[in-house]
Peer 1: 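There's a structure below that I have some questions on.
Heavy-atom basis, side chains included; hydrogens, waters and symmetry copies ignored. Bear in mind that the values here come from a model prediction, so they are computed numbers and not experimental data. Quick note on labels: first sequence line is chain A, next is B, and so on, each numbered from 1.
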Amino acid sequence: MSLTLANAKKQKTYQVSSYSADSESTQRQFECLGFVKGEEVSLYQTSSFGGPLAINVRGSVIAMRLSDAEQIFVKELS
Amino acid sequence: MSSSVLLIGQPNCGKTTLFNTLTGSLQKTGNYPGVTVERKRGTLLLDERKVEVVDLPGIYGLEPNSIDEKISVERLKENNIDTILAVVDTTQLKRSLGFILELGAINKPIVVALNMSDIAESRSIKVDHEALQKKLGVPVVPVVATKKNSLESLKKVISFYDQNPTKPQQIKAFDTVKERLDYVDEVLSEVVSAPTDGDRISRKLDAILLHPIFGTLIFAAILLVVFQSIFTFSSIPMDFIEGSIESLGAFVSSVLPEGLFQSFIVDGLIAGVGSVLVFLPQIIMLFFFIYLMESTGYMTRAAFLLDRGMSLIGLQGKSFVPLLSSFACAIPGVMAARTIKDERQRLTTILIAPLMACSARLPVYVLLIGAFVPATTVFGFLTAQGLAMFGLFAFGVVAAIVIAFLFRKTTLKGNSGSFVMELPSYKMPDLRLMAVFLWKKSMNFLKKAGGYIFWVSVTLWFLATFPQAPTDYDQPDITYSYAGRIGKFIEPVFEPIGFDWRISTGLIPGFAAREVMVSALATVYALDDSDDEDVVQKSLTEKIQSSWSLATGMALLVWYIFSPQCLATFMVAKKETGGWKWPAVMFFYMLALAYIGAFITYRIFV
């Protein structure tokens, strides 16, 4: 089972590995924000009841919905 | 040299603040043709020359994701003699430097402004801007956009480029985003020294403010304070303004000879325009809170907390600001919807904005609750009247939720919309900028609302005054006028919901502006226009209590929650949606809700 950003947990670091197949526009949008292959990211804050996530990337914090986070595959570093 | 300086940068970099500081009051705002994207142009005075500065919508990269981003990219690429002034948040170089490199592809001269250099310094982030300048091959100037005197070097550089249009510098180009960002990391490692733990203050604050439970509670508390301020604290300046308007009216009455002209000035103009001025304290109060939340960065946190709930009805977290604004007045609320990029979500937000109980409904609510709801204490400090007021607000919000849900499932169906938003670090608001902001917003409100209300007042005065009743007329004069006749004529329509001809006559002016209903009712009951508002209020309350049934009073209350009675809102909605279609939809769905709601209420209580 592959990890996506939606599975991210606090206090852990992850590395962006790839985007899901049908997400070309999402990919372009997120790459501008710093979510490129190999980039280290971590969880900043989470929500309850399926709300958005906030992710640390390249020195800034980006909020996104779970549906977006599920399209970004990551590898856990530790 | 008719060249332009194009201000561009990623969102939250302080670009607009820089624009304001550079151009001062020499700004022109309008719209880009055909779209509701604000076009901001200003003039920068350099020595004796004038340079045009254009503030473009912020973009994260050269691939646009929305209409305003498209406009930025198009303008950047336009065949023009431009200098690109790229504004960067110095604390965000890791992400924004890549954007600067991307701009090289546009082939125009670039000047980089390292903004918020003061904040960077306070966080021990040291940037060797001269080294960065050498590496990039373009001028790099540290600035603090809020401080005018830090901009001297920047102005010198802009002046130089303006007088010497040269070939643009060659910036390194890259094939992939990854290569570009690797280069960025390389450059930054040489040019920047910074502590590795980022912004600890923001992190600590967000641990609480974004906490699913505590964050939400704090947010609810903040909203409570905002509402309390808008509806209670503003009453002092509002009463002051109201008193002044009345004094002015009385003074003019004493100076002008009795007759039509005096009536026109006092009852038409002064009363009409005065009714708009009275709302100014609430508008300012609302914008004060909005500015505070926006400039500190808290607004994004609020949108974050609300997004889940909003997504259930097909909207997203950013819809919150227009809807919050609409509680004071739907006019700025509808305009604020521009920040929502998804067109269908924006339309839905605009359509439900008027259901948020606005200030103009308050006079009618107060009158009717005062007349028909007992002033008994229900629990502690909660009174039946207070609860009724809250109930009216809540009813509107619930209706808005349902309507939004329905629209998003049917005619405005769309994808769930994406919600990608940066959470910038918390910042201290600048008081001077806040004053400028409040001033601009107030003037804007006065012009928009004042413009429409002025014409409405004049027209209504005419309808309610002509034709004049003969002196031996035994009924209230107003029944002889056009307004009165129309009221009698439409009475059958309102009979099933318990409104008699007096109420329907009051509704006619009330249709153009909600708050006018109270004074229209006072006129219909032929009360003397006493200077003491409380006297009029009390006697009107008594008249209503004695001549209306409880059912009628309740029905009118429910009618007022939904009824589309604000011409100004429709005019603004027409402008924002680019046509009459959506304002018409808004009008008819609200009218339907009002009639059905009033009908059910009347049948329950009768």
Peer 1: Which atom pair, heavy atoms only, marks the closest approach of B:Phe304 to A:Ala63?
Peer 2: CD1-CB, 3.6 Å
Peer 1: Around B:Ile201, counting heavy atoms of other residues, nucleotides and ligands shown, do more than 12 lie under 6.0 Å from its CD1?
Peer 2: no
Peer 1: Please test B:Val420 against A:Gln29 for side-chain contact (heavy atoms from CB on, under 4.5 Å), starting from the C-alpha separation and ending with a verdict.
Peer 2: CA-CA 9 Å; B:Val420 178; A:Gln29 189 187 14; 4.2 Å; yes
Peer 1: Identify which of B:Ser202, B:Pro212, B:Ala207 forms the greatest number of heavy-atom pairs closer than 4.5 Å to chain A.
Peer 2: B:Pro212
Peer 1: With respect to chain A, which residue among B:Glu63, B:Arg180, B:Gln10 yields the maximal number of heavy-atom pairs within a distance under 4.5 Å?
Peer 2: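 Most heavy-atom pairs within the cutoff with chain A belong to B:Glu63.
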Peer 1: Determine whether more than 12 heavy atoms belonging to other residues, nucleotides or ligands lie under 6.0 Å from atom CD of B:Glu121.
Peer 2: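 No, CD of B:Glu121 has 12 or fewer neighbouring heavy atoms, counting only those of other groups under 6.0 Å.
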Peer 1: Working to the nearest 0.5 Å, report the span between CE of B:Met421 and CD1 of A:Ile62.
Peer 2: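 It is 9.5 Å, given to the nearest 0.5 Å.
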Peer 1: Could you go through B:Val177 and A:Glu39, starting from their C-alpha distance and side-chain angles, then the distance that decides it, and tell me whether this counts as side-chain contact (heavy atoms from CB on, under 4.5 Å)?
Peer 2: CA-CA 11 Å; B:Val177 183; A:Glu39 193 66 46; over 6 Å; no
Peer 1: Hey, does the side chain of B:Arg308 reach the backbone of A:Ser48 with a donor-acceptor pair shorter than 3.5 angstrom?
Peer 2: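 Checking the backbone N and O of A:Ser48 against the side chain of B:Arg308, no donor-acceptor pair under 3.5 Å is found.
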Peer 1: In terms of heavy-atom proximity below 4.5 Å to chain A, should B:Arg203 be classed as side chain, backbone, both, or neither?
Peer 2: both
Peer 1: Taking all non-hydrogen atoms of both residues, which atom of B:Gln92 and which atom of A:Ser60 are closest, and how far apart?
Peer 2: OE1-CB, 3.0 Å
Peer 1: With a 4.5 angstrom heavy-atom cut-off, which part of A:Val61 approaches chain B: side chain, backbone, both or neither?
Peer 2: both
Peer 1: What are the two closest heavy atoms between B:Asp206 and A:Gln45, and how far apart are they?
Peer 2: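 In terms of heavy atoms, the two residues are closest at O-NE2, 3.3 Å.
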Peer 1: Considering only heavy atoms and a distance below 4.5 Å, find which of B:Asp185, B:Leu306, B:Thr300, B:Thr216 pairs most often with chain A.
Peer 2: B:Asp185
Peer 1: Is atom NZ of B:Lys135 surrounded by more than 12 heavy atoms (other residues, nucleotides or ligands) closer than 6.0 Å?
Peer 2: yes
Peer 1: Does A:Arg58 use its side chain to pair, donor to acceptor, with the backbone of B:Lys94 at less than 3.5 Å?
Peer 2: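 A pair under 3.5 Å: yes.
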Peer 1: From B:Leu181 CG over to A:Phe35 CZ, what is the distance, rounded to the nearest 0.5 angstrom?
Peer 2: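 Rounded to the nearest 0.5 Å, the CG-CZ separation comes to 12.0 Å.
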Peer 1: Heavy-atom count around B:Lys427 NZ within 6.0 Å, excluding the residue itself: above 12?
Peer 2: yes
Peer 1: Between B:Glu422 and chain A, with a heavy-atom cut-off of 4.5 Å, which part of the residue counts as in contact: side chain, backbone, both or neither?
Peer 2: both
Peer 1: Any chance CZ of B:Phe405 has more than 12 other-residue heavy atoms, nucleotides or ligands included, within less than 6.0 Å?
Peer 2: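 No, because the 6.0 Å sphere around CZ of B:Phe405 holds 12 heavy atoms or fewer from other groups.
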Peer 1: Working to the nearest 0.5 angstrom, can you tell me the gap between B:Phe419 CZ and A:Leu66 CG?
Peer 2: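 Rounded to the nearest 0.5 Å, the CZ-CG separation comes to 12.0 Å.
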Peer 1: Decide yes or no on side-chain contact (heavy atoms from CB on, under 4.5 Å) for A:Arg65 and B:Gln316, but give the supporting numbers first.
Peer 2: CA-CA 10 Å; A:Arg65 285 187 176 167; B:Gln316 42 120 312; 3.2 Å; yes
Peer 1: Can you tell me which of A:Gly50, A:Ser47, A:Gly38 forms the most heavy-atom pairs within a distance under 4.5 Å of chain B?
Peer 2: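 Of A:Gly50, A:Ser47, A:Gly38, A:Gly50 has the most heavy-atom pairs under 4.5 Å with chain B.
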